[in-house]
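To keep things clear, I will list the structure first and then write my remarks on it.
The analysis underlying the following values was restricted to heavy atoms, covering all of them including side chains, and did not include hydrogens, waters or symmetry mates. Just so you know, residue 1 is the first one in the sequence shown, and it goes up from there. Both counts, for ligands and for their atoms, begin at 1 and track the order of listing.
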Amino acid sequence: MNVTPKTHPPSPEFAANSHADRPRYDEMYRRSIDDPEGFWGEAGRELDWIRPYTKVSESRFDQGDVSIEWFGDGTLNVAANCVDRHLADRADQTAILWEPDDPSEEALHITYRELHGRVCRFANVLKRLGVERGDRVVIYLPMIPEAAVAMLACARIGAIHSIVFAGFSADALGARINGCDAKVVITADGAPRGGRVTNLKDNVNKALLHDTDDVKCLIVRRTGQQIAFRPQSDYWLHEEEAQVSDDCPPEEMSAEDPLFILYTSGSTGQPKGVVHTTGGYLLYAAMTHRYVFDHHDGDIFWCTADVGWVTGHSYIVYGPLANGATTVMFEGVPTYPDAGRFWAVCDKHQVTQFYTAPTALRALMGQGDSFVEPYDLSSIRVLGTVGEPINPEAWNWYDRQIGKGRCPIVDTWWQTETGGHLLTPLPGAIPTKPGSATLPFFGIRPVVLEPESGKRIDTTEAEGVLCIEASWPGQMRTVWGDHKRFMDTYFQQYPGYYFTGDGCRRDEDGYYWITGRVDDVINVSGHRMGTAEVESALVAHEKVAEAAVVGFPHDVKGQGIYAYVTLMNDVEPTEDLRRELERWVRSEIGPIAKPDLIQWAPGLPKTRSGKIMRRILRKIAENDPDSLGDTSTLADPSVVDDLVENRMNRG
Ligand code: 6R9
């Protein structure tokens, strides 16, 4: 460790044509730290305000008193900023470039003018269904243009959207619909993905089965398949749209009105509804999109995430559209019809910035270079990654095979909670090192603390937990319906700081290297999963007495899910039961939560006070039983021998 890896400086041509070269980054960063009011006060003017703000930030992290407010007395509308204000200069430019799952189906080019009409009509449909300012709308859609239109339609009328990833189960959907008392759920008849079709409407019907409230369902026709239509509460979008005009003035919203809720996993309990607001979030998404991807007019920007995750919110929809970009929306998967699909789409649409997850790169790298070679990737200028640490092998492959050694790679570290990138290189400014998210974005003050004492480590080289010292405009404001949980989760353990949940190392150049979560959150294919969530799904099964879940290193997914399951008395552990439990977790949460390995555990290693010692379970799952450490404090040390002997992951 600590052998200085090769650094990759931006080329002088790239730097000269970028929004920020090194001197400019240094100057802007310095200003953003020395004079945040001045810096953000000026930056905020890039948005179109209805009533300009006079206050910039009123944010405090002091323990017991966390309040975050940006541009608090300003008013604006997000949809007007993402659509209407571009009509003067770029009405005929493509706003959304949609690439369908099936490559033989035609791609759609939706101009800003068309997008405006679509958003207004969609907004009027929502109003017709009774949605008012402040109401919640759940969006459960595949990656079709209507997903972005629905988000913007909500924003236009001041409704708060909560997107549920279309891969989540009916149960997970139901919990999120109830969690925010949604008035309307927007879905589609079916979702084609990788050549297969998921029946989304069925999941909605299951989710609403026990619902006594009158939740309406608005359905987008995507596949034309048969669905179970519920006449008393279901509406077809195309039928409703025929009844409304395309005139819909944007609502005047306060900068601090909620824009959306997005559920994300934490270390305890059920997922929490992260709340982002209007002004600060949009500014931060737009600014990071412009600087980190070096956005210029005429660019074709492609972020391969799903709109069900925060990456899709900030870098498919809000950031790019606020900047008047052309944003690609892809309905499919990287391996359909074959492992060359990403590169085929980059070639076909002459993509200029490509942003994806390390797990996808590892999977594609494993398929061999013959899937890359047929395609012309010379349009690409910037490559990006997000979601998990990228291993140097995948980084180097990305650099050589996709970037042909001439594209800066931006490894962007951020979270659902942060709204946009916090640690990331700017491509024309910062020499990169494979595996490091490098340096902070403007206005971000990262600190490294000693995990136990919480003491701040001020030397350049440091290792510990990553916290952030002061607010930034894109920061989440609260947990929906539970402000106390917000304070407890992020501000209690290390008073005075925002606690990220990640560990990190800072090297001799001040570069940050994320070492992964320090809490009970695992990162499966770049998706966050709380071990507690999977455990509670498992114990909800009638044959399961107890369960403990940990992560283990996985070549493609980054981390896999390893479950230790103790069965009820008299229940036989069989292969059938193992498969049943896998199916069970899929149906309780969704396919991404399915355990990779399930070990039958006659007992779990517990302290005398009854706490499960996860450290031990992690070592066994990692196939490293020789470094279990001290097991003498266990109530029954002998359970460990059985677990070691029957471990599932033997490398
Ligand atoms: C945007 C997003 C957040 C967690 C985060 C960290 C991990 C994200 C990373 C990264 C290393 C990167 N993470 N980006 N780790 N390098 N570039 O992924 O949000 O789903 O909330 O996950 O993902 O552990 O804390 P989210």
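- Between Tyr281 and Phe260, the ring planes are perpendicular. Angles over 60° get that label, and only those under 30° would be called parallel.
- Aromatic rings from Phe491 and Phe61 are positioned such that their centres are separated by under 6.0 Å.
- In this pair, Phe342 and Phe330 present their aromatic rings perpendicular. The plane angle is above 60°, beyond the 30 to 60° band.
- In this structure, Ile522 and Ile561 have side chains that are in contact, with non-hydrogen atoms separated by less than 4.5 Å.
- Of the heavy atoms in Thr311, only side-chain atoms (C-beta onward) come closer than 4.0 Å to ligand 1.
- Under the 4.0 Å criterion applied to side-chain N and carboxylate O atoms, Arg477 and Glu256 are assigned as salt-bridge partners.
- Using a 4.5 Å heavy-atom cutoff, the side chains of Trp414 and Thr412 are in contact.
- At the top of the distance list for atom 25 (O) of ligand 1, counting protein heavy atoms only, stands Asp502 OD2, 2.6 Å.
- Residue-level proximity to ligand 1 for Glu388 is carried by the backbone, the only part with a heavy atom below 4.0 angstrom.
- Per-residue contacts place Val386 under 4.0 angstrom from the following atoms of ligand 1 (heavy atoms of the residue considered): 1 (C).
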Applying side chain to side chain donor-acceptor pair (under 3.5 Å), run through Gln475 and Tyr498 and close with a yes or a no. CA-CA 10 Å; Gln475 185 173 23; Tyr498 165 77; over 6 Å; no
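- Protein heavy atom in closest approach to atom 21 (O) of ligand 1: Thr416 OG1, 2.6 Å.
- Under the 4.0 Å criterion applied to side-chain N and carboxylate O atoms, Arg528 and Glu388 are not assigned as salt-bridge partners.
- Residue-to-ligand polar distances place Thr412 within reach of ligand 1: an N/O pair is separated by less than 3.5 Å.
- The residue among His313, Glu417, Arg528, Arg517 with a heavy atom at the shortest distance from atom 22 (O) of ligand 1 is Arg528.
- At least one side-chain heavy atom of Val410 sits less than 4.5 Å from a side-chain heavy atom of Val382.
- Note on ligand 1: Trp309 sits outside its first shell, no heavy atom being nearer than 4.0 Å.
- The part of Asn523 lying near ligand 1 is the side chain, judged by heavy-atom distances below 4.0 Å.
- Applying the 4.0 Å criterion to heavy atoms of Asp411 picks out, from ligand 1, the atoms 12 (C), 16 (N), 17 (N).
- Atom 3 (C) of ligand 1 has its closest protein heavy atom at Trp414 O, 3.6 Å.
- Residue-level proximity to ligand 1 for Pro389 is carried by backbone and side chain together, each with a heavy atom below 4.0 angstrom.
- Nearest-heavy-atom check against atom 23 (O) of ligand 1 across Pro358, Gly387, Gly516 picks out Gly387.
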